[in-house]
Number of protein chains: 4
Amino acid sequence: MPKQTFFNLPKQKRDLITRLALEEFASHDYHSASLSKIVERAGIAKGSMYQYFGGKKDLYLYLFNLVGQAKLSYITSKVPDPESLDLFSYLKELMMASAGFEIHHPLEYRMGMRVVYGDSPFKEEERQQMKNAVVDFYKGLLIRGIERGELDPDLDVDAAAFLLSAVSLELGSFIMNRLDLDSEDLQSSKIDWEALEPILDTVIALIKNGIARR
Amino acid sequence: MPKQTFFNLPKQKRDLITRLALEEFASHDYHSASLSKIVERAGIAKGSMYQYFGGKKDLYLYLFNLVGQAKLSYITSKVPDPESLDLFSYLKELMMASAGFEIHHPLEYRMGMRVVYGDSPFKEEERQQMKNAVVDFYKGLLIRGIERGELDPDLDVDAAAFLLSAVSLELGSFIMNRLDLDSEDLQSSKIDWEALEPILDTVIALIKNGIARR
Amino acid sequence: MPKQTFFNLPKQKRDLITRLALEEFASHDYHSASLSKIVERAGIAKGSMYQYFGGKKDLYLYLFNLVGQAKLSYITSKVPDPESLDLFSYLKELMMASAGFEIHHPLEYRMGMRVVYGDSPFKEEERQQMKNAVVDFYKGLLIRGIERGELDPDLDVDAAAFLLSAVSLELGSFIMNRLDLDSEDLQSSKIDWEALEPILDTVIALIKNGIARR
Amino acid sequence: MPKQTFFNLPKQKRDLITRLALEEFASHDYHSASLSKIVERAGIAKGSMYQYFGGKKDLYLYLFNLVGQAKLSYITSKVPDPESLDLFSYLKELMMASAGFEIHHPLEYRMGMRVVYGDSPFKEEERQQMKNAVVDFYKGLLIRGIERGELDPDLDVDAAAFLLSAVSLELGSFIMNRLDLDSEDLQSSKIDWEALEPILDTVIALIKNGIARR
DNA sequence: CATGAATGAGATTTCATTCAT
DNA sequence: GATGAATGAAATCTCATTCAT
């Protein structure tokens with residue numbers, strides 16, 4: 001919840017501040033991230049940041065929400081209507097979109113990871129809620145899958161949702177490994193988008209059928 | 001590599017310092033963790049820490065090794081000979097032991113997670129190596145499984161190892177959720193150890209057979 | 001290269017800081033000089049110094065340049081055109097001005113001596129360059145003297161320049177001795193300026209004719 | 001004035017400590033020189049230094065005296081009886097010996113320079129006394145020269161002594177320049193001893209006859 | 001006599017935040 | 001609304017010195 005003054009800024013300036021702040025929080029811990037560095041790079045006065053935001057925490061929360069919205073709208077725009085696909089196709093689209101976000105918005109991705117794993121001004125409770133939100137989303141998906149007869153009604157939905165959430169959390173790391181990329185490649189976004197699909201096919205197949213011999 | 005001074009301390013004091021340092025590094029990123037806080041809580045002089053350790057980084061590396069050894073010896077002591085079990089039984093034992101460690105050594109567990117995800121004095125390269133070590137371990141396991149005919153020779157070993165590593169990373173979080181525990185419960189270790197087994201059975205089954213309807 | 005912040009300060013405050021810093025660096029080696037002491041005496045916050053300067057080294061370099069400029073402008077203002085005087089008269093004027101600077105700017109003088117002889121953030125190479133600059137200046141003077149027929153063409157210019165540089169370095173010490181002064185007298189500047197001239201005459205005569213019997 | 005315990009040490013150990021301490025004080029300011037570093041390198045306990053010496057200052061004074069004695073005995077051993085030589089030949093021998101000391105005992109030389117120019121636990125008064133001791137020595141020499149008819153009775157003895165003292169202080173620096181050496185060459189003592197003589201001849205001639213055209 | 005752990009002062013530096021202009 | 005100087009707490013680390021064993 002930045003102050004109104006922030007939204008009164010010319011879009012260009014607002015975006016500059018947002019981007020630089022995001023870069024800082026993406027590459028540093030909440031505690032280690034430095035407002036001083038941000039304002040220095042942005043070429044604005046330190047006091048101005050306090051005209052725009054209530055303080056460091058306020059800025060953090062703003063970016064956090066921004067990242068969440070960005071991810072949501074990215075994925076929403078890429079993934080088709082869940083009703084039009086069977087569960088596993090939908091899962092694949094979802095994960096491809098998710099991977100796409102990580103690749104095309106590496107800053108947002110890395111900030112998101114820090115929210116989950118690193119220091120943050122959130123209480124532990126709130127952190128758990130975030131993780132649960134993902135799990136709950138997958139739970140909803142699975143329940144619908146059962147209702148539509150795509151999944152076994154006896155499926156342990158909690159456990160399966162956990163499996164999906166664990167995979168999706170680490171998926172980015174796996175893809176980078178598989179494509180032999182590193183963070184810098186992400187920045188420059190020279191990703192072979194079509195190379196993504198077979199990787200996801202493989203992962204989804206494993207989730208679907210397990211690793212056991214048939 | 002603490003200095004000899006540290007090892008000459010009476011065990012009680014040494015353990016106190018180790019525990020307090022571990023608590024600090026378990027609840028804060030490397031940069032945010034504060035030597036000053038540690039010595040304050042330990043009731044020792046600031047200079048004394050520098051008699052014991054070369055500096056912050058030295059202390060961190062010491063704890064890091066400690067955690068690694070603790071985990072290794074814990075798991076080694078709990079998990080039976082891999083040759084005497086089929087793959088999935090072994091996996092279950094492994095993950096139970098792993099979960100047991102997380103439950104009974106929550107500080108060590110959280111410090112370990114920070115090494116993987118948070119800021120650290122390690123170079124990115126070294127961090128990747130650690131993650132890869134886990135994946136490689138699972139790869140070895142899977143390859144043996146194939147050789148023993150327990151797994152399909154066509155299994156994508158990399159992808160499957162990634163799946164296992166992702167699950168094992170998040171397993172602690174899932175168990176805490178399932179048992180409705182939080183960090184404080186972990187500290188007091190009032191865990192129903194026998195409640196663990198069915199949870200693992202479920203997870204292993206999912207990994208084994210996937211989530212699809214049969 | 002202090003920050004703009006420093007130059008924006010009211011002259012009074014800027015001068016206070018400069019003077020106190022100069023006093024500290026004049027009476028202590030670079031390593032021993034203490035920013036903490038300076039800010040304490042100046043009655044400003046520790047952090048403020050870092051608004052003004054990049055750090056200890058930056059402050060040191062600033063003072064170093066200040067001293068150099070002060071000396072240059074002082075001497076330039078006192079010493080007449082070298083073309084209008086014979087070599088030894090010019091030398092005398094030069095050394096009188098130099099002594100005058102040492103007497104009237106004792107802090108600057110002592111800081112300068114420390115740059116030459118004491119610890120400093122300069123590399124040894126740079127220190128040599130400074131010393132050489134003085135020697136080179138005298139070499140230039142001597143060469144011109146030869147060209148103008150005032151000196152023997154066979155004069156060993158290097159050795160003579162060394163002699164002049166050695167004398168000029170220690171001249172202040174000699175004058176203080178001769179006039180029975182100490183550092184405190186310098187501070188209060190109760191110097192009999194006219195007493196200076198015969199001393200310099202004597203020294204110049206020695207340099208000119210040597211100490212041997214004629 | 002070290003404590004008796006120091007002199008009770010086996011010579012080998014005593015020399016080791018002396019040498020390492022000298023190295024430290026030769027390359028650092030009094031303030032910056034570190035007892036900790038010395039004992040670390042010497043492999044002895046910190047407390048032991050306080051059994052040997054009253055403290056940092058005591059150690060410093062001990063080394064200071066040692067250096068003085070070393071220089072005195074070195075020069076005494078090299079320079080012939082002053083009665084057997086004319087003044088300028090004696091001066092030349094003196095300065096050659098002095099230069100020889102600087103070259104063959106660089107640590108002692110550099111420590112001596114620090115005593116004169118750098119920070120030290122001596123009061124300013126004491127520092128002046130040391131400088132004066134050198135000047136007084138040259139004064140005695142000059143007075144004897146006058147008495148023996150080698151110098152003009154009207155010579156300004158004070159000024160001439162100052163000249164000699166200034167030259168002798170900087171002589172080392174000049175020689176190093178002339179022979180194109182640096183500190184490291186000193187350490188390894190690969191000095192062409194015979195190259196020294198003509199340099200000194202030149203310098204002495206300048207002192208003797210001045211730089212003026214005849 | 002030797003040891004070396006303990007101490008606390010003091011060093012440089014960074015940071016979030018406030019507030020007068 | 002923008003500025004940026006001022007602040008002081010807090011961080012890491014080094015050091016000379018003491019003292020119990």
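Nothing here was measured: the structure is a model prediction, and the numbers come from that model. Below, read A as the first sequence line, B as the second, and so on, with proteins coming before strands; counting in each chain starts at 1.
For the pair D/Val115/D/Val67, no side-chain contact is recorded, criterion being any heavy-atom separation below 4.5 Å from C-beta on. Counting heavy atoms from C-beta outward, A/Ser120 and A/Arg114 have side chains that stay 4.5 Å or more apart. At least one side-chain heavy atom of D/Ile44 sits less than 4.5 Å from a side-chain heavy atom of D/Met49. By the 4.5 Å heavy-atom criterion applied to side chains, C/Arg14 and C/Lys11 are counted as neighbours.
The stretch residues 21-48 of chain A comes close to DNA chain F through A/Ala45, A/Lys46, A/Gly47, A/Ser48, each having a heavy atom under 4.0 Å from the strand. Within a heavy-atom distance below 4.0 Å of DNA chain E, the residues of residues 3-14 of chain B found are B/Thr5, B/Asn8, B/Leu9, B/Lys13.
By the side-chain contact (heavy atoms from CB on, under 4.5 Å) test, B/Gln12 pairs with no residue at all, sequence neighbours left out. By the salt bridge (Lys or Arg N to Asp or Glu O under 4.0 Å) test, B/Asp58 is found to be paired with no residue, residues two or more places apart in sequence or in another chain being considered. Taking the side-chain contact (heavy atoms from CB on, under 4.5 Å) definition, one finds that A/Thr5 meets it with A/Lys3, A/Gln51, A/Tyr52, sequence neighbours left out. Under the rule for a side-chain contact (heavy atoms from CB on, under 4.5 Å), the partners of A/Thr18 that lie at least two apart in sequence or sit in another chain are A/Phe6, A/Tyr62, A/Leu63, A/Leu66. Partners of C/Glu126 by side-chain contact (heavy atoms from CB on, under 4.5 Å), not counting sequence neighbours, listed by chain and number: C/Phe122, C/Lys123. Partners of A/Glu23 according to the salt bridge (Lys or Arg N to Asp or Glu O under 4.0 Å) rule, which considers only residues two or more places apart in sequence or in another chain, are A/Arg19.
Listed by first and then second residue, the ring-ring contact (aromatic ring centres under 6.0 Å, His included) pairs that reach into residues 10-38 of chain A are A/Phe25-A/Tyr60, A/Tyr30-A/Tyr60, sequence neighbours excluded.
Taking 4.0 Å as the cutoff to heavy atoms of chain B, we find the contact window on DNA chain E bounded by E/dA5 to E/dG8.
With rounding to whole Å, D/Tyr60 atom OH is found 18 Å from F/dC15 atom P. Taking atom CE on A/Met49 and atom C1' on F/dA2, their separation rounds to 14 Å, with Å as the unit. Atoms CD (B/Gln51) and P (F/dC15) sit 12 Å apart, rounded to a whole Å.
Within 4.0 Å (heavy atoms only), A/Phe53 reaches no atom of the nucleic acid at all.
For the strand DNA chain E, secondary-structure stems (runs of at least three Watson-Crick or G-U pairs, all distances below 3.5 Å) span E:2-21 with F:2-21.
With DNA chain F read from its 5' end, the first of the two nearest nucleotides for B/Lys57 and A/Tyr52 is the one closest to A/Tyr52.
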Name every donor-acceptor pair, under 3.5 Å, that has one atom in a side chain of residues 33-40 of chain D and the other anywhere in the protein, sequence neighbours excluded.
from    : atom 1 : to      : atom 2 : distance (Å)
D/Ser34 : OG     : D/Ser36 : N      : 3.2
D/Ser34 : OG     : D/Lys37 : N      : 3.0
D/Ser36 : OG     : D/Lys46 : NZ     : 3.2

**Report entry** Derivation of the side chain to side chain contact (heavy atoms under 4.5 Å, CB included) call for D/Glu108 and D/Leu22
**Finding:** CA-CA 7 Å; D/Glu108 283 82 354; D/Leu22 195 53; 3.4 Å; yes
